[in-house]
Amino acid sequence: MPFYLFLWTESLVRHVAEHGVTQDEFEEVVCDPGKMEISRATGRPIAFGVTAAGRLLVCVYEHIDDDTILPVTAFEPDEE
């Protein structure tokens, strides 16, 4: 499992929390995704994965560099 530095801001924490996702859940999915895609609309990476609690999440983020990730959003797939 890779190690990343996640650049969380207060507004990003609030944004993912509005979708019922915690920072820990986001990081868990991004570090160990079941599936990865690239958004056709934004070109950003999308990680799909199941948390230890059994929640399926979709996490969108940006790579700042090889070790640093800026979270963008996260949600459960049926939330779209």
Closest non-hydrogen atom pair, Ile38 against Pro45
CD1-CA, 3.8 Å
Quick check for you: to the nearest 0.5 Å, what is the distance between Phe75 atom CZ and His15 atom NE2?
9.0 Å
Find the distance between CZ (Phe26) and OG1 (Thr73) and round it off to the nearest 0.5 Å.
8.0 Å
Return the minimal non-hydrogen interatomic distance between Leu12 and Val72, and the atom names on each side.
CD2-O, 4.1 Å
For Val50, which residues count as a side-chain contact (heavy atoms from CB on, under 4.5 Å) partner, sequence neighbours excluded?
Leu56
Find the distance between OH (Tyr4) and OG1 (Thr68) and round it off to the nearest 0.5 Å.
10.5 Å
Rounded to the nearest 0.5 Å, how far does CD of Glu27 lie from OG1 of Thr22?
8.5 Å
Compare all side-chain heavy atoms of Ile46 with those of Met36 and state whether any distance is below 4.5 angstrom.
no
On the 0 to 90° scale, with breaks at 30° and 60°, tag the Trp8-Phe6 ring pair as parallel, tilted or perpendicular.
parallel
Side-chain contact test, heavy atoms from C-beta onward, threshold under 4.5 Å: evaluate it for Thr51 versus Val29 and give yes or no.
yes
Distance (rounded to the nearest 0.5 Å) between Arg55 CZ and Glu28 CD
10.5 Å
Taking all heavy atoms of Cys59 and all of Val30, pick out the closest pair and write down the distance.
CB-CG2, 3.9 Å
Tell me, which pairs form a salt bridge (Lys or Arg N to Asp or Glu O under 4.0 Å) where one or both residues lie in residues 56-74, sequence neighbours left out?
Arg44-Glu62
